[in-house]
Amino acid sequence: QVQLVESGGGLVQAGGSLRLSCATSERAFRWHAMGWFRQAPGKEREFVSAIDWSGGSTNYAHSVNGRFTMSRDNAGNMVYLQMSRLKPEDTAVYYCARHVGSTVSSSSTDYNYWGQGTQVTVSS
């Protein structure tokens, strides 16, 4: 069973920054693309960003492009989401997810393992 554990969420003022981390002990981690999704209260879960197995290709939702940066450390089995210029509408539970394959994807159905989520709250 693959376990993903997110951390780094919290309360921040608009315009501030946070860095989310996702840790896994899976040995095959380095061969899988990874993604971040978020779900705000009363809304559907939505795609935020994805990174391919090597870290050489990333994809971002339009709403976060230019403000968020996703990266990975394959040696340390870690994935990160650096969030800058945060807005109140970024408030959500953020989930780390492991893709079934190695290429980036924005579809949640392409991800078969999910973390428990970490809360990000941006105050205005």
Side-chain angles (χ1 to χ4, degrees):
Q1 182 73 8
V2 174
Q3 290 190 321
L4 302 171
V5 180
E6 303 97 334
S7 61
L11 174 64
V12 64
Q13 288 189 330
S17 299
L18 279 176
R19 188 175 84 152
L20 305 183
S21 300
C22 174
T24 178
S25 58
E26 185 194 18
R27 296 178 65 181
F29 162 78
R30 66 182 61 224
W31 306 117
H32 289 270
M34 299 291 293
W36 285 98
F37 291 76
R38 67 186 182 186
Q39 187 167 20
K43 294 189 176 181
E44 298 283 321
R45 187 174 298 187
E46 66 174 3
F47 169 76
V48 175
S49 65
I51 191 167
D52 76 346
W53 70 278
S54 70
S57 178
T58 52
N59 188 25
Y60 298 94
H62 177 74
S63 59
V64 307
N65 196 28
R67 299 188 298 121
F68 290 10
T69 302
M70 187 173 183
S71 61
R72 66 189 296 161
D73 173 6
N74 282 347
N77 279 23
M78 297 290 295
V79 172
Y80 303 100
L81 184 67
Q82 178 67 47
M83 306 186 294
S84 303
R85 290 183 282 141
L86 283 161
K87 305 175 181 180
E89 50 264 44
D90 294 318
T91 295
V93 177
Y94 283 70
Y95 297 91
C96 173
R98 195 203 79 170
H99 194 277
V100 296
S102 60
T103 56
V104 295
S105 168
S106 62
S107 173
S108 63
T109 58
D110 291 333
Y111 295 82
N112 57 348
Y113 290 101
W114 296 77
Q116 299 274 37
T118 185
Q119 176 71 48
V120 172
T121 303
V122 184
S123 63
S124 57

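Every heavy atom of this structure was used, including side-chain atoms; hydrogens, water molecules and symmetry mates were not. Positions are given from 1, in the same order as the sequence printed here.
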Going from [atom1] on [X] to [atom2] on [Y], what distance comes out if it is rounded to the nearest 0.5 angstrom?
| X | Y | atom1 | atom2 | answer |
| --- | --- | --- | --- | --- |
| Ile51 | Ser57 | CD1 | OG | 8.5 Å |
| Leu18 | Asp90 | CG | CG | 10.0 Å |
| Phe68 | Ser17 | CZ | OG | 9.5 Å |
| Gln82 | Ser49 | CD | OG | 12.0 Å |
| Glu44 | Ser108 | CD | OG | 9.0 Å |

**Study point:** Crowding at CD, Glu89 (>12 non-hydrogen neighbours, <6.0 Å)
**Key:**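 Enclosed: over 12 neighbouring heavy atoms sit under 6.0 Å from CD of Glu89.
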Review point. More than 12 heavy atoms of other residues, nucleotides or ligands under 6.0 Å from CD of Gln116: is that the case?
Key: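 It does not: Gln116 CD has 12 such atoms or fewer within range.
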Check your understanding: When you look at Tyr80 and Ser21, which way does the side chain to side chain contact (heavy atoms under 4.5 Å, CB included) test go after all the steps?
Key -> CA-CA 5 Å; Tyr80 303 100; Ser21 300; 3.4 Å; yes
Practice item. Determine whether Leu20 and Leu86 fall in the same hydrophobic cluster, where Ile, Leu, Val, Met, Phe, Trp and Tyr are linked whenever their side-chain heavy atoms lie under 4.5 Å apart. Key: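 The answer is yes; both residues are in one hydrophobic cluster.
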Review point. Checking side chain to side chain contact (heavy atoms under 4.5 Å, CB included) for the pair Glu26/Gln3: CA distance, chi angles, key distance, verdict?
Key: CA-CA 7 Å; Glu26 185 194 18; Gln3 290 190 321; over 6 Å; no
Sub-4.5 Å side-chain heavy-atom contact between [X] and [Y]:
| X | Y | answer |
| --- | --- | --- |
| Lys87 | Arg67 | yes |
| Thr91 | Val120 | no |
| Val48 | Leu81 | yes |
| Trp36 | Glu6 | yes |
| Val2 | Thr24 | yes |
| Leu4 | Arg98 | yes |
| Glu46 | Arg38 | yes |
| Gln1 | Tyr113 | yes |

Closest contact, heavy atoms only, [X] versus [Y]:
| X | Y | result |
| --- | --- | --- |
| Pro88 | Ala14 | CD-CB, 4.1 Å |
| Ala40 | Ala92 | N-CB, 3.8 Å |
| Gly117 | Val93 | CA-CG1, 3.8 Å |
| Thr58 | Tyr60 | OG1-CE1, 3.5 Å |

Check your understanding: Going by atom types only, do Asp110 and Ser105 share a side-chain donor-acceptor pair under 3.5 Å?
Key ->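 Distance-only check passes for Asp110 and Ser105.
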Practice item. Check the side chains of Arg72 and Asn74 for a donor-acceptor pair under 3.5 angstrom, ignoring hydrogens and angles. Key: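 Looking only at side-chain atoms, Arg72 and Asn74 do form a donor-acceptor pair, the distance falling under 3.5 Å.
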Check your understanding: Are Phe37 and Tyr95 an aromatic pair by the rule of ring centers under 6.0 Å?
Key ->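 That pair fails the under 6.0 Å test.
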Check your understanding: Is there a donor-acceptor pair closer than 3.5 Å between any side-chain N or O of His99 and the backbone N or O of His32?
Key ->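 No, His99 side chain to His32 backbone: no donor-acceptor pair under 3.5 Å.
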Check your understanding: Is the side chain of Asp73 donor-acceptor paired with the backbone N or O of Val79 at a distance under 3.5 Å, no angle test?
Key ->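 Pair absent, no side-chain N/O of Asp73 close to backbone of Val79.
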Exercise for review: For side chain to side chain contact (heavy atoms under 4.5 Å, CB included), just list the numbers for Cys22 and Met78, CA-CA rounded to whole Å, side-chain angles, deciding distance to a tenth of an Å, and then say yes or no.
Suggested key: CA-CA 6 Å; Cys22 174; Met78 297 290 295; over 6 Å; no
